[in-house]
Amino acid sequence: MLDAVRCLVARDLLLALRRKSDVGTALLFFVIVASLFPLGIGAEPNLLRAVAPGVIWVAALLSSMLSLRRMFEADHADGTLEQMALGAAPLGVVVAAKALAHWLVAGLPLVVIAPVLALQYDVSPSLYGVLALSLLLGTPVLSLVGGIGAALTLGLRGGGVLLSLLVLPLCVPVLIMGAGSVEMAAAGLGASGQLLLLAAMLVGAAAAAPWAIAAALRISLE
Amino acid sequence: MSARSIHWFWYASPQTFYPLAGAIGRLAAPAAAVLALVGLYIGLFVAPTDAQQGEAYRIIFIHVPAAWMSMFLYVVMAFWAAIGLAFNTRLSAMMARALAPTGALFTFIALWTGSLWGKPTWGTYWVWDARLTSELILLFLYLGFMALQASIDDTRRADRAGALLAIVGVVNVPIIYYSVQWWNTLHQGASVSLKSGSSMAPIMLWGMLVMALAFWMYSIAVAMARVRCIIRERGEA
Amino acid sequence: MKPRHKRLAAIAIGVAALGIVVALVLRAFNENLVFFFTPSQVVAHEAPEGRTFRIGGMVEKGSVKRQADGVTVQFTVTDTAKTLPVSYRGPLPDLFREGKGVVAQGKLGPDGVFRASEVLAKHDENYMPPEAAEAVKKAQQTAEKTSRTLAK
Amino acid sequence: MLEAAELRCERGGRTLFSGLAFTLGSGALLRIAGPNGRGKTSLLRILCGLLEPAAGEVRWKGAPIRELREEFARQLVYLGHAPAVKDDLTAAENLSIACRLSGFPATEKSIHAALETLGVPPQALVKKLSQGQRRRSALARLVLSESVPLWLLDEPLAALDAAAAALVTGLVAEHVRRGGMAAFTTHQEAGFAGVPVSVLDLDAFDA
């Protein structure tokens, strides 16, 4: 069972490595969206500092939406998804591995690059830690919850927009807590309350989402 | 299979449920109209002015029952969806599909009347506090459910995919309900609760309960009409 | 693994996850997660200084004073333990009353006065006709008097 | 032993077949026949558990496959319409991953041997291969699946030249002679080196 997880994660990372443009696009999207805000709302430093957590979090959310569709679509098109459903490992474990791989490819780079964007927004360096930690806890939840939407909209016409419509409302609590933690820290208050809630969401999503993704995939594969 | 169990599942089949749905609808629709008239009469003419809020409070006769129904209908919808998914019964999936638009309507009414109420009493149409935000998410969940079902051509897949989404979305309902207790929100607490009873004058409470009953009847009537349409659409009448 | 063992493992994971989630949520609720701060928290320097935040509490009775310019209002917000002076320029909501709930957004000035940019009235969940409200007030006053008498 | 009991299949509101029943014992080879759109692929997908039948059930050694799930999946090889190979991986990588996921890790040497048997260059990226070679690289799995009792093959001979088709029929015949079982769909008649083929005509179960 663990071998299947290792195998799938390694496979998806290898595929991402051979198709760097896919990974690059999502990351570039994140950077560009976050860079558009100062142009749109003006470069007043106080204003930028105030909106930075929200903007970076929204950009991260949109960027991981963008890459969600790829989680199962390609495997579905070439038939490998059926083989995974007929593999030796339970489908729940398989999709957990897929979500992990998605996060490693689409979520982790956002965590790494977020402090650079924070720099553009003149955010105090003392907040980089909280920002990165909140993204580290929050982005896996986006991959897990998003996986449910990706599985439900598999192969549908206009699935991309529908996927966002289904997943974004479910991700609102993550956004609120993620951006909230940075704001609390910026205000000099403890961010631990929000971070604990993010951790709770992560544990809950890690336990429940693979089951739901597997059920959704079975429905979509029929 | 014993005779009893056959009888029990008799109405689980769309063909046999179709006439029953018609009969229920014919009873519920006039009941809804009568109750709504009575409720509005109590609310607008009989119930006294509120000590704090004056006349503005009268919107509770629409707002509170609509908000109750918005959450309740979601739970009912998710319940039918789960039954359909677990036992593969076609009728339950149709019920879930029939309830969604009504639920979305009540969610919208709750948000809309709430903002009309918020302006004179709180001083703002909208604040991003936990109760209001989570109710807005509920509206998005209803819309997502309907959009997902509309975009899948195969009815079986549409029913099952929608069911899964409805079940996942159920986590939001307790968040809405308890948000006013968990956070310091601007929204006031519940006026009516099972534990501590009601903190309203009896006639106001009566008006609200009659309106709630009217909304129930309306939901039943509309759901039955819609489920009949779905049964015919799928050629199972 | 046999199906029975698998089911047991799944239940065990589910229960463990639920336990962790509940523990984390309970801990989180002991931290700051608030829509507004109470005057006690502000006085104890728990609220952010130099930034916009919200305060909530009751408008203290007899504290509302209108300045000579006619638009600036000063009042005190209390949570019965501590009080906080607030000043605000602008129209107040209808339900703004002495002795009633209020939520104000603004910044804390260096003089310890909260400069509100927005004032919202937070009403409670009680609905009753004016006569009943009067009766309740009287009953409360009687009860207070009685308790004061007893305290003496 | 694979057992199909009173299967009914509905797709898009239309009943494709109903009351379909058969058993597939050790050493049996079954050809599922019928014109396009009659439900050959759907039947194979029901047999491997990807598709839930509208009525009836499939049993493996007496137990319903719905309950066995991956226990059952470990006992079967299913090759569908799509070749199930990734364009950005080499043929050898694809095969190695497929074997690991189905719970039978294969050595590098045996993987290369299997691919060479079918005439596929192991180190070539799949996107550089022709359609026929892609199909062959998918079928190479059969060489490494001797120990898997049940083979379910959807159009295994499609897009293959005569030599490759002969190779595949040879593999299937050998598997059946060893005591394995196989079910496949195909349009063209094919000989299996003397192994008797029973035919399941879906037209007979027309609803």
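Since we're looking at a predicted model, the values are computed, not measured. Reminder, nothing fancy here: chain letters follow the sequence lines and each chain counts from 1.
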[X] versus [Y]: any side-chain heavy-atom pair under 4.5 Å?
X: A:Glu222; Y: D:Leu50; value: no
X: A:Leu14; Y: D:Leu89; value: yes
X: A:Arg218; Y: D:Glu52; value: no

If I measure from the heavy atoms of chain A, does [X] come under 4.5 Å with its side chain, its backbone, both, or neither?
X: D:Arg141; value: side chain
X: D:Ile46; value: neither
X: D:Val85; value: backbone

Measure from the side-chain N and O atoms of D:Arg45 to the backbone N and O of A:Leu221, and report whether any donor-acceptor pair falls under 3.5 Å. yes
Return the minimal non-hydrogen interatomic distance between D:Tyr78 and A:Glu82, and the atom names on each side. CE2-OE1, 3.5 Å
Closest non-hydrogen atom pair, A:Pro90 against D:Glu70: CG-OE2, 3.5 Å
Check each atom of A:Leu86 against the heavy atoms of chain D and say whether the ones under 4.5 Å are side chain, backbone, both or neither. both
Where does A:Ala4 contact chain D at under 4.5 Å (heavy atoms): side chain, backbone, both or neither? both
More than 12 heavy atoms of other residues, nucleotides or ligands under 6.0 Å from CZ of A:Arg19: is that the case? no
Are A:Arg18 and D:Glu93 close enough for a salt bridge, meaning some N to O gap below 4.0 Å? yes
Out of A:Leu91, A:Val94, A:Asp75, return the one with the most heavy atom pairs under 4.5 angstrom to chain D. A:Asp75
From the list A:Gly87, A:Ala77, A:Cys7, A:Gly79, the residue making the most non-hydrogen contacts under 4.5 Å with chain D is A:Cys7
Out of D:Ile97, D:Leu101, D:Leu125, return the one with the most heavy atom pairs under 4.5 angstrom to chain A. D:Leu101
Option that, when pairs with chain A are counted at under 4.5 Å, heavy atom only, ranks first among D:Gly103, D:Ser96, D:Ser102: D:Ser102
One should read off an interatomic distance between D:Lys86 NZ and A:Leu15 CG, to the nearest 0.5 angstrom, of 6.0 Å
